[in-house]
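When a residue number appears, it is its place in the shown sequence, counting from 1.
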Amino acid sequence: QVQLVESGGGLVQAGGSLRLSCAASGRTFSTYVMGWFRQAPGKEREFVAAISWSSGRTYYADSVKGRFTISRGNTKNTVYLQMNSLKPEDTAVYYCAAEPGVADTTTPSLWHAWGQGTQVTVSS
């Protein structure tokens, strides 16, 4: 069974940076796509970024392109989300997700393994 544990959230001022980590276990992830989603209060969960473990190909939501970078650890089953130039509208609970060969990275219902989430709060 896939287990995902996020860490690295916190409170930061607008313009600042945070790096989120997702430690994955329970599977061999070589065929998986790893993703980050977020959910703000009163809003639906939305796609942020994803990475193919095998190819390293990355995918980003338009709202975070140029500011966020998703990457995978070289020797550990860990995925990172480096978030720079943070804005108050980035405030949300951020979730790590994993799915083998997901066709559409942007649709939350197609992902079946989720972490518990980590809170990111950006103050203005």
Side-chain angles (χ1 to χ4, degrees):
Q1 186 173 355
V2 174
Q3 291 187 323
L4 304 171
V5 179
E6 303 98 333
S7 61
L11 173 64
V12 64
Q13 289 187 333
S17 299
L18 282 175
R19 188 176 81 155
L20 306 183
S21 299
C22 172
S25 61
R27 285 285 190 275
T28 300
F29 291 93
S30 57
T31 61
Y32 273 66
V33 179
M34 307 295 293
W36 287 96
F37 289 76
R38 66 186 182 187
Q39 189 165 17
K43 294 188 177 181
E44 295 186 350
R45 191 167 298 189
E46 66 174 2
F47 170 74
V48 175
I51 185 168
S52 167
W53 203 280
S54 59
S55 69
R57 182 177 179 180
T58 57
Y59 310 81
Y60 294 96
D62 288 342
S63 59
V64 306
K65 279 181 182 176
R67 300 189 298 124
F68 290 11
T69 303
I70 188 170
S71 62
R72 55 189 180 181
N74 287 331
T75 60
K76 300 179 182 179
N77 288 339
T78 303
V79 176
Y80 303 99
L81 184 68
Q82 178 67 43
M83 306 186 294
N84 298 329
S85 302
L86 283 162
K87 305 175 181 179
E89 50 263 44
D90 294 318
T91 295
V93 177
Y94 282 71
Y95 296 91
C96 180
E99 187 68 25
V102 62
D104 178 2
T105 61
T106 66
T107 302
S109 62
L110 297 181
W111 298 71
H112 297 95
W114 294 89
Q116 81 287 352
T118 185
Q119 176 70 47
V120 172
T121 303
V122 184
S123 64
S124 57

Step-by-step side-chain contact (heavy atoms from CB on, under 4.5 Å) determination, Trp36 to Phe68: CA-CA 11 Å; Trp36 287 96; Phe68 290 11; over 6 Å; no
OG-CD distance between Ser124 and Glu89, expressed to the nearest 0.5 angstrom: 10.0 Å
Exercise: identify the closest heavy-atom pair between Asn84 and Ser17: OD1-OG, 2.9 Å
Charged N-O contact under 4.0 Å between Lys65 and Asp62: yes
Arg38 side chain reached by Asp90 side chain, heavy atoms, under 4.5 Å: yes
Distance (rounded to the nearest 0.5 Å) between Gln1 CD and Ser25 OG: 9.5 Å
Atom CD of Gln3: over 12 foreign heavy atoms under 6.0 Å: no
Closest approach of Glu99 to Leu110 (non-hydrogen atoms, all atoms of both residues): CD-O, 3.3 Å
4.5 Å side-chain heavy-atom contact, Phe47 and Thr107: no
Gap separating the OG1 atom of Thr69 from the CZ atom of Arg19, nearest 0.5 angstrom: 11.5 Å
Donor-acceptor contact below 3.5 Å, side chain Thr91 vs main chain Val122: yes
Counterpart residues, ring-ring contact (aromatic ring centres under 6.0 Å, His included), relative to Phe29 (two or more places apart): Tyr32
Glu6 side chain vs Gln116 backbone, donor-acceptor pair below 3.5 Å: yes
Least distance between heavy atoms, Cys96 atom then Leu4 atom: O-CD1, 3.6 Å
Distance in Å, Ile70 CD1 paired with Tyr80 OH, rounded so as to fall on 0.5 Å steps: 12.0 Å
CA sep, side-chain torsions, deciding dist, call: His112, Val2, side-chain contact (heavy atoms from CB on, under 4.5 Å): CA-CA 9 Å; His112 297 95; Val2 174; over 6 Å; no
Heavy-atom closest pair, residues Leu81 and Ala49: CD1-CB, 4.1 Å
For the student: nearest non-hydrogen atoms of Ala40 and Ala92, plus distance: N-CB, 3.8 Å
Any Met83 side-chain heavy atom under 4.5 Å of Val64 side chain: no
Check: Arg67 side chain, Ser85 main-chain N or O, donor-acceptor pair, under 3.5 Å: yes
Gln13 side chain to Ser123 backbone, donor-acceptor under 3.5 Å: no
Within residues 92-111 or reaching into it, pairs that qualify as ring pair (Phe, Tyr, Trp, His ring centres under 6.0 Å) - sequence neighbours excluded: Phe37-Trp111
Contact summary for Val33 and Ala50, nearest pair of heavy atoms: CG1-CB, 4.0 Å
